[in-house]
Amino acid sequence: MKITDIRFGMLRVPLKTPFKTALRTVDKVEDIVVMVHTDDGRVGYGEAPATAVITGDTHGSIVDAIRHYIAPRLIGQDIADLNRITKLVQGAMEKNTSAKAAVEIAIYDLWGQLYDAPLYKLLGGGDPVITTDITISVDYIDKMVADSVAAVERGFESLKIKVGKDIGVDIERVRAIYAAVEDRALLRLDANQGWTAKEAVYALHALEDAGVRLELVEQPVKARDLEGMRYVTERVHTPIMADESVFGPAEVMDLIRMRAADIINIKLMKTGGISNAIRIADIAGLYGVECMIGCMLESSISVAAAVHVAVAKSDVITKVDLDGPSLCAYDPVDGGVNFNESEISISEAPGLGIREIRGLEPL
């Protein structure tokens, strides 16, 4: 099975409600879809969002990176030579992690098809059913409380609460949500770099003193402020998780050595795809550090790949934040992973199991 062509499409899917964080507001998924074709007529699918405020990637940069730098290296390569192909992808250029991720996801999809097995089985196996949280966008307190209660009533047992806009209001937001959901759901906070280190310690002490129990707090300070991350981690009881601070394996090792976080959030769009996600999980496992697997605003194409990784690495990836498809107004994908509110399950179809993508615009 050799690669003959790489093509592109644009996928646009409206969200059920606008997605609001300390960094941005978005009302639809608008992602580049990558289709890798082979000489036996098969197609592998990948996907990449333009998350410029986090990864630096735009729609144009994703397409150009693949078309001019990555694709020329891959034409004629044999899918069976997986390690060689992922090395070619990662070595094609610096950064551009979303572009690399989209291509790698499509390659791993084909690898599963080659051996007629769902991807998670080739990556190590596991229970093909996992549970995700759901994101509660930053908004007025009453709206966030209502959204949280509605999510619990839909069956979600973990809520990821977006904060980081205003420290005083953030504390009130969390206290109100905690009181409303009581013990029916775990709360995870995500400040998206919106606090300073001292603000984070102040807010978390205030919440801890008020009896609010949080499962974790994600990326309280700026991505490059590892000293700030360590400052917060050392001074609060609540576990601190690094997200934007860690993209690849080397950064993970630095963060672990500094003891700058308790948990690491793996996202395929940060790691550059599945190969480095697996490396990060393995490194974290060696040091006894838990991981979460998360996603950007992605459809069920690329999130499916993250699900397969989560299942295969469930000994280290103990928390799941793969709610992108649940935030979409509909699922454009036929086949593959089944997203049913908080429950996510993998079929026995080979690779990612994708049969068709509806509404795909050729590029």
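Numbering starts at 1 and runs along the sequence shown.
Looking at Ile79 and Ile107, their side chains come closer than 4.5 Å, going by heavy atoms from C-beta outward. Between His308 and Ile346, some side-chain heavy-atom pair lies under the 4.5 Å cut-off. In this structure, Arg259 and Thr233 have side chains that are not in contact, with every pair of non-hydrogen atoms separated by 4.5 Å or more. Between Leu268 and Thr271 the shortest side-chain heavy-atom distance falls below 4.5 Å. Using a 4.5 Å heavy-atom cutoff, the side chains of Met35 and His37 are in contact. Between Val311 and Asp127, the closest side-chain pair of non-hydrogen atoms is not below 4.5 Å. Looking at Ile263 and Val289, their side chains never come closer than 4.5 Å, going by heavy atoms from C-beta outward. Residues Lys143 and Thr17 meet the side-chain proximity criterion, which asks for heavy atoms closer than 4.5 Å.
Linking ILVMFWY side-chain heavy atoms closer than 4.5 Å, directly or via other members, places Ile136 and Leu297 in a single hydrophobic cluster. Under the 4.5 Å side-chain heavy-atom criterion for grouping Ile, Leu, Val, Met, Phe, Trp and Tyr, Val36 is connected to Ile274 within one hydrophobic cluster. There is a path of hydrophobic side-chain contacts, each under 4.5 Å, that joins Ile167 to Val236.
In this model, a donor atom of one side chain and an acceptor atom of the other lie less than 3.5 Å apart for Ser245 and Gln219. With 3.5 Å as the limit, one finds a donor-acceptor pair spanning the side chains of Tyr178 and Arg213. Using modelled atom types, one finds no donor on one side chain facing an acceptor on the other under 3.5 Å when comparing Glu104 with Thr86. Gln113 and Asp109 are linked by a side-chain donor-acceptor pair at a separation below 3.5 angstrom, with hydrogens and angles left out of the test. Looking at Thr132 and Asp323, their side chains never bring a donor and an acceptor atom within 3.5 Å of each other. Glu208 and Thr238 share a side-chain donor-acceptor pair at under 3.5 Å. Side-chain contact, Ser158 with Asp133: no donor N or O sits under 3.5 Å from an acceptor N or O.
Of the options Asp170, Thr21, Asp139, Asn192, a side chain to side chain donor-acceptor pair (under 3.5 Å) to Lys162 is made by Asn192 and by none of the others. Considering Thr55, Asn265, Asp243 in turn, Asp243 is the only one that fulfils the side chain to side chain donor-acceptor pair (under 3.5 Å) rule with Lys270.
Take Lys16 and apply the side-chain contact (heavy atoms from CB on, under 4.5 Å) test, not counting sequence neighbours, and it matches Arg154. By the side-chain contact (heavy atoms from CB on, under 4.5 Å) test, Ser137 pairs with Phe19, Lys20, sequence neighbours left out. Annotation: side chain to side chain donor-acceptor pair (under 3.5 Å) contacts of Tyr45 (sequence neighbours excluded): none.
Residue pairs meeting the ring-ring contact (aromatic ring centres under 6.0 Å, His included) criterion with at least one member in residues 62-110, sequence neighbours excluded: Tyr108-Trp111.
Through direct or indirect side-chain contacts shorter than 4.5 Å among Ile, Leu, Val, Met, Phe, Trp and Tyr, Val316 is connected to no other residue.
Looking at Arg188 and Glu218, no side-chain N of the basic residue comes within less than 4.0 Å of a carboxylate O on the acidic one, giving no salt bridge. A salt bridge links Asp5 and Arg7; the closest N-O separation between the charged side-chain nitrogens and carboxylate oxygens is under 4.0 Å. Salt bridge absent: Lys222 and Glu244 never bring a charged side-chain N and a carboxylate O closer than 4.0 Å. Salt-bridge check for Lys160 with Asp190: passed, with a basic side-chain N closer than 4.0 Å to an acidic carboxylate O. Remark: Arg184 does not engage Glu153 in a salt bridge, criterion side-chain N to carboxylate O under 4.0 Å.
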For residues 277-287, run the donor-acceptor check on the side chains, cut-off 3.5 Å, and write out each pair with its distance to 0.1 Å, sequence neighbours left out.
residue	atom	partner	partner atom	Å
Arg279	NH1	Asn276	OD1	2.9
Asp282	OD1	Lys313	NZ	2.8

Given the rule in the salt bridge (charged side-chain N to carboxylate O under 4.0 Å, His left out) test, do Asp39 and Lys2 qualify, once you have shown the distances and angles that lead to the verdict?
CA-CA 6 Å; Asp39 58 359; Lys2 294 186 177 181; over 6 Å; no

Open item on the list: Show, in sequence, the C-alpha distance, side-chain angles and deciding distance for Ser326 and Glu341, and conclude whether the side chain to side chain donor-acceptor pair (under 3.5 Å) test is met.
Closed with: CA-CA 6 Å; Ser326 295; Glu341 297 287 28; 5.0 Å; no

Open item on the list: Test side chain to side chain contact (heavy atoms under 4.5 Å, CB included) on Ile3 and Asp78; report intermediate values, then the result.
Closed with: CA-CA 7 Å; Ile3 298 170; Asp78 194 322; over 6 Å; no

Quick one: do Ser300 and Asp331 satisfy side chain to side chain donor-acceptor pair (under 3.5 Å)? Show the steps, please. CA-CA 7 Å; Ser300 58; Asp331 187 351; 2.7 Å; yes

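Counting non-hydrogen atoms of neighbouring residues, nucleotides and ligands closer than 6.0 angstrom, the CZ atom of Arg42 exceeds 12 such neighbours.
For the pair Thr51 (side chain) and Ile54 (backbone), a donor-acceptor distance under 3.5 Å is absent. With hydrogens and angles disregarded, no donor-acceptor distance shorter than 3.5 Å links the side chain of Ser61 to the backbone of Asp57. Of the possible polar contacts, one joining the Thr97 side chain to the Met269 backbone as a donor-acceptor pair under 3.5 Å is found.
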